[in-house]
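Inspection log for the structure reproduced underneath, given as structure tokens.
The sequence lines fix the lettering, A, B, ..., with proteins before strands; numbering per chain opens at 1.
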There are 2 protein chains.
Amino acid sequence: MKAKQQKDAVDLILDQWERERPDLDVTPMGTLGRLKRSAALLQRRLDVVFAEFGMTLWEFDVLATLRRSGAPYCLAPTELFSTLMITSGTMTHRLKSLESSGLVERQANPDDARSKLVKLTDKGLDLINRTVEAHVDNIHGILAPLAGSDLQALDQGLVAMLGMLESADEK
Amino acid sequence: MKAKQQKDAVDLILDQWERERPDLDVTPMGTLGRLKRSAALLQRRLDVVFAEFGMTLWEFDVLATLRRSGAPYCLAPTELFSTLMITSGTMTHRLKSLESSGLVERQANPDDARSKLVKLTDKGLDLINRTVEAHVDNIHGILAPLAGSDLQALDQGLVAMLGMLESADEK
DNA sequence: TGTAAATACCTTGATATCAAGATAAATTAT
DNA sequence: ATAATTTATCTTGATATCAAGGTATTTACA
């Protein structure tokens, strides 16, 4: 039996539940708690770099989605908000903001008059190209302290988890 | 080389970056993307059960923190908002709301007049006791489809990840 | 060809959250 | 004992988000 080097915040939570409600098997809380807490701490680390480019995470998300779709960097709003897991109303606000910053522009959709396509401006393209490079550097640095075997285990587990959640979601 | 059964949403994103920016090693985006996306999909699954008890996730979080602290289920606001990773201002709003729902009550702190302690009411205690049981059932069910080895890998990876993030955070 | 149904947004109103600043009490250093 | 500093909240103002509902188009099909 290998002793854990140091208890993390979630270990303490599980200890408390174990003491208070020994009738419950709270093991899954450990998995989900660490997942959520890791996601929160990670976001803070990512925000630091985005801020250096005058951006927030949500702005990065939208611009990056357009960028990686390839030239001409142009998508319909529905494509964007379904990829980003946000509502259409939220997308409307984001696009208005990005448009007023001059990072995207709207143009008529020749195939469907209900939508106005969203396109990266030259300024938006340049910004996201530079930001994504710094972002990739950042996340390499963040994951660097992890042992290779831990990272490998994490990837294996997350692939299974996301696969499960997405297949449950489409039902 | 084992072929992946089915591509998830993050695989598609990585494919796009690979095509558009082959100069970047975007592997870490896969890990972080799945982590974030899993967290988002999980929250939806958890919300379903909380809603059955007339609660939201944030209400559950506060009440559960008080409950697992043990009798007399009473903590200072600072203890709560640091555990919950939210700001003091947000905590103020949450407590006001929970107090008006009759789930917590405030009382003077004999040791420190700057804070007013937060305590579960009988109603709050009963509600959280019942909700946490349903929640634990829920998360057991959610993780059930995962193969034991995948779950084990996930736990190993998340312990390493959170440990790394927390140690980086305290610096 | 017309209609009914579905789709693609956008608008509105309500929440939840945060950052920054204000206030009051406790602690620390003279 | 005082003054300076730190701590524990709460307040305020700005954002981001969602759910629900409205409008204009498109698609399905009788």
Double-helix bend of the helix from C/dT1-D/dA30 to C/dT30-D/dA1, axes at both ends from 5 pairs, round to 10°, gives 30°
Atom CG of B/Leu84 and atom C1' of D/dA8 are separated, to the nearest Å, by 16 Å
*Would B/Arg19 and B/Asp15 pass as an ion pair if we require N to O under 4.0 Å?*
no
Here the distance between atom P of C/dA8 and atom CG of A/Asn109, to the nearest Å, is 11 Å
Under 4.0 angstrom between A/Lys116 side-chain N/O and C/dC10 OP1 or OP2:
no
Each nucleotide of nucleotides 12-23 of chain D classed B (base within 4.0 Å of a protein heavy atom), S (only sugar-phosphate) or -, in 5' to 3' order, makes B---SBBS----
Note to self: So that I can tick it off, tell me whether A/Arg34 and A/Asp11 are bridged by a salt bridge, with the cut-off set at under 4.0 angstrom between side-chain N and carboxylate O.
What the structure shows: yes
When rounded to whole Å, the CZ to C1' distance for the pair A/Phe81 and C/dC10 reads 11 Å
Can you tabulate the close N/O pairs, meaning under 3.5 Å, that link protein atoms to atoms of nucleotides 23-28 of chain C?
| unit_1 | atom_1 | unit_2 | atom_2 | d |
| --- | --- | --- | --- | --- |
| C/dA26 | OP1 | B/Ala113 | N | 3.1 |

In short, ring-ring contact (aromatic ring centres under 6.0 Å, His included) pairs touching residues 110-148 of chain B with sequence neighbours left out are B/Phe50-B/His135, B/Phe60-B/His135
Quiz item: So, is B/Thr92 near the phosphate of D/dC10, with a side-chain N or O under 4.0 Å from OP1 or OP2?
Solution: yes
**Prompt:** So does A/Arg94 pair up with A/Glu59, basic N to acidic O under 4.0 Å?
**Reply:** no
Using a cut-off of 6.0 Å, state whether more than 12 heavy atoms not belonging to B/Gln152 lie near its atom CD. no
For this session: Give a yes or no answer on whether the side chain of B/Thr121 reaches the backbone of B/Glu105 with a donor-acceptor pair at less than 3.5 Å.
Result: no
note: B/Glu79, atom CD; D/dT9, atom C1'; distance rounded to Å ~ 15 Å
Looking only at atom types and distance, does a side-chain atom of B/Asn109 sit under 3.5 Å from a main-chain N or O of B/Arg114, one as donor and one as acceptor? no
Pair up each side-chain donor or acceptor in residues 154-164 of chain B with any protein partner under 3.5 Å, not counting sequence neighbours, and list the distances.
| unit_1 | atom_1 | unit_2 | atom_2 | d |
| --- | --- | --- | --- | --- |
| B/Asp155 | OD1 | A/Thr31 | OG1 | 2.7 |
| B/Gln156 | NE2 | A/Asp150 | OD1 | 2.9 |

**Item:** Flag, side chain of A/Ser69 to backbone of A/Leu66, donor-acceptor distance under 3.5 Å
**Value:** yes
A/Asp8 with A/Arg37: basic N within carboxylate O range, under 4.0 Å:
no
Here the distance between atom C1' of D/dA8 and atom CG of B/Leu75, to the nearest Å, is 15 Å
Side chain to side chain donor-acceptor pair (under 3.5 Å) filter on A/Thr90, not counting sequence neighbours, yields A/Thr87
